[in-house]
Amino acid sequence: MKFIIGIGGVTNGGKTTLTNRLLKTLPNCCVVHQDDFFKKPDQIEVGEDGFRQWDVITALDMEAMVNTVKGWQENPVKFARSHGVSLSPEAEESDSSEKGIHILIVEGFLIYNYKPLIDTYDKCFYISIPYEECKMRRSTRTYTVPDPPGLFDGHVWPMYLKHRIEMENNCSRIEYLDGTTTKEDIYNYVYESVQNSLLNNL
């Protein structure tokens, strides 16, 4: 059985923390990070707001991302091996993905804003945190391309609000998570929700 989980959310909401924890506890679990599909800085255009447009879908090579997800769907065993993911003995013995459960986590800030991806999820989660908390967390992070002054208020947050409305119109199956609760609570909720879905699908 193949099962795809989407973990979306606002910047610095805790997506990666949650994803890393699930990777350790879910069986035969691989991940695709949306951040790995950013285009090169010189391909990112400068918008009317005066900032390079990192927080929009065109900053990402979404076609390559979809192809990566398709690669997993076609052969989760091969995908796991090529990404150094250890599989359970039953999955390891069989080259077909019919044996056992194979899980893929798709993680990123705009994973519900691209139609070809939305249709692949079996389960959709989204972590949100309020403006003040988000701004505070973002200011403590170090990025490869550092945030220029004013980027958060001038580009990051307005784009988040715009994409959130778009996302809510695109996908009605999202389970919203409060990113201000403990990491433990968020993890427990998602883990339980996934386990229930897996049992229902067996």
Side-chain angles (χ1 to χ4, degrees), residues 1-41 43-44 54 57 59-114 116-127 137 141-145 175 177 179 183-184 186-199 201-202:
M1 182 173 98
K2 289 180 273 198
F3 195 83
I4 300 182
I5 304 164
I7 295 181
V10 63
T11 175
N12 296 279
K15 301 181 293 294
T16 311
T17 306
L18 173 61
T19 299
N20 289 341
R21 184 121 186 236
L22 290 168
L23 278 172
K24 290 191 180 99
T25 51
L26 292 171
N28 307 322
C29 189
C30 295
V31 65
V32 171
H33 295 286
Q34 191 169 37
D35 283 1
D36 292 343
F37 296 90
F38 271 114
K39 293 174 182 171
K40 293 189 172 74
Q43 293 178 291
I44 307 293
W54 287 104
I57 204 90
L60 298 144
D61 186 344
M62 291 307 294
E63 217 169 291
M65 186 172 176
V66 169
N67 287 337
T68 304
V69 172
K70 280 185 183 154
W72 177 87
Q73 285 174 308
E74 281 159 23
N75 194 331
V77 174
K78 190 177 161 194
F79 187 97
R81 286 180 185 148
S82 69
H83 286 78
V85 173
S86 49
L87 297 166
S88 67
E90 59 172 358
E92 200 55 85
E93 280 161 24
S94 113
D95 268 328
S96 81
S97 38
E98 302 314 306
K99 282 282 186 78
I101 295 167
H102 291 270
I103 298 172
L104 180 69
I105 296 174
V106 177
E107 177 268 327
F109 72 118
L110 288 178
I111 61 167
Y112 303 122
N113 295 77
Y114 193 69
L117 263 188
I118 296 171
D119 301 335
T120 64
Y121 306 126
D122 295 293
K123 206 91 178 117
C124 304
F125 296 101
Y126 190 89
I127 308 174
R137 289 188 193 181
R141 279 280 289 278
T142 313
Y143 289 97
T144 324
V145 179
E175 293 178 52
L177 309 166
K183 290 172 184 166
E184 194 66 29
I186 294 172
Y187 165 77
N188 288 338
Y189 175 84
V190 171
Y191 184 78
E192 205 166 301
S193 177
V194 169
Q195 290 296 357
N196 287 339
S197 293
L198 290 172
L199 288 172
N201 285 350
L202 283 176

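Since the model is a prediction, treat every value here as computed from it, not as a measurement.
A 6.0 Å sphere centred on NZ of K70 holds no more than 12 heavy atoms belonging to other residues, nucleotides or ligands.
When atom types are taken as modelled, the side chain of T19 and the backbone of K15 share a donor-acceptor pair closer than 3.5 angstrom. For N28 (side chain) and L87 (main-chain N/O), no donor-acceptor pair under 3.5 Å exists by modelled atom type. Judged by distance alone, with hydrogens and angles left aside, the side-chain atoms of E74 form no donor-acceptor pair with the main-chain N or O of G71 at under 3.5 Å.
For the side chain to side chain contact (heavy atoms under 4.5 Å, CB included) test, residues two or more places apart in sequence or in another chain that qualify with D35 are F38, F109. Residues passing the side chain to side chain donor-acceptor pair (under 3.5 Å) test with T25 are Y187, sequence neighbours excluded.
The shortest side-chain heavy-atom distance between R81 and K78 does not fall under the 4.5 Å cut-off. Put simply, the side chain of I186 does not reach to within 4.5 Å of the side chain of F125, judged on heavy atoms. Residues E175 and V190 have side chains not in contact (no heavy-atom distance under 4.5 Å, counting atoms from C-beta outward). The shortest distance between side-chain heavy atoms of V85 and L23 does not fall below 4.5 Å. I4 has its side chain within reach of W72: a pair of non-hydrogen atoms, C-beta onward, lies under 4.5 Å apart. The side-chain heavy atoms of L18 and E107, taken from C-beta on, include no pair separated by under 4.5 Å. Using a 4.5 Å heavy-atom threshold, the side chains of V69 and L117 count as touching. At least one side-chain heavy atom of I103 sits under 4.5 Å from a side-chain heavy atom of P27.
Between L198 atom CG and I5 atom CD1 the span is 7.0 Å, to the nearest 0.5 Å. If you take CG on N196 and NZ on K123, they are separated by 7.5 Å, rounding to the nearest 0.5 Å. Taken to the nearest 0.5 Å, the CD atom of E184 stands 12.5 Å off from the OH atom of Y191. Atoms CG and OH, on L177 and Y189 in that order, are 6.5 Å from each other to the nearest 0.5 Å. Going from atom SG of C29 over to atom CD1 of I105 covers 3.5 Å, rounded to the nearest 0.5 Å.
Pairing each heavy atom of Q73 with each of K2, the nearest pair is O-NZ, 2.5 Å. The two residues T120 and P116 make their nearest non-hydrogen contact at CG2-O, 3.6 Å. Taking both residues in full, the closest heavy atoms of F79 and T68 are given as CE1-O, 3.6 Å, listed atom of the first, atom of the second, then distance. Taking both residues in full, the closest heavy atoms of I111 and I118 are given as O-CG1, 4.3 Å, listed atom of the first, atom of the second, then distance. Taking every heavy atom of both residues into account, Q34 and L110 meet most closely at OE1-N, 2.7 Å. The heavy-atom pair separating W54 from P41 by the smallest distance is CH2-CA, 3.7 Å.
Classification of the Y126-Y112 ring pair by plane angle, with boundaries at 30° and 60°, yields tilted.
Between the side chains of K183 and T17, not a single donor N or O lies within less than 3.5 Å of an accepting N or O.
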Would you give me the side-chain donor-acceptor pairs under 3.5 Å for residues 60-67, sequence neighbours excluded?
residue, atom, partner, partner atom, Å
D61, OD1, E63, N, 3.4
D61, OD1, A64, N, 3.1
N67, ND2, E63, O, 3.3

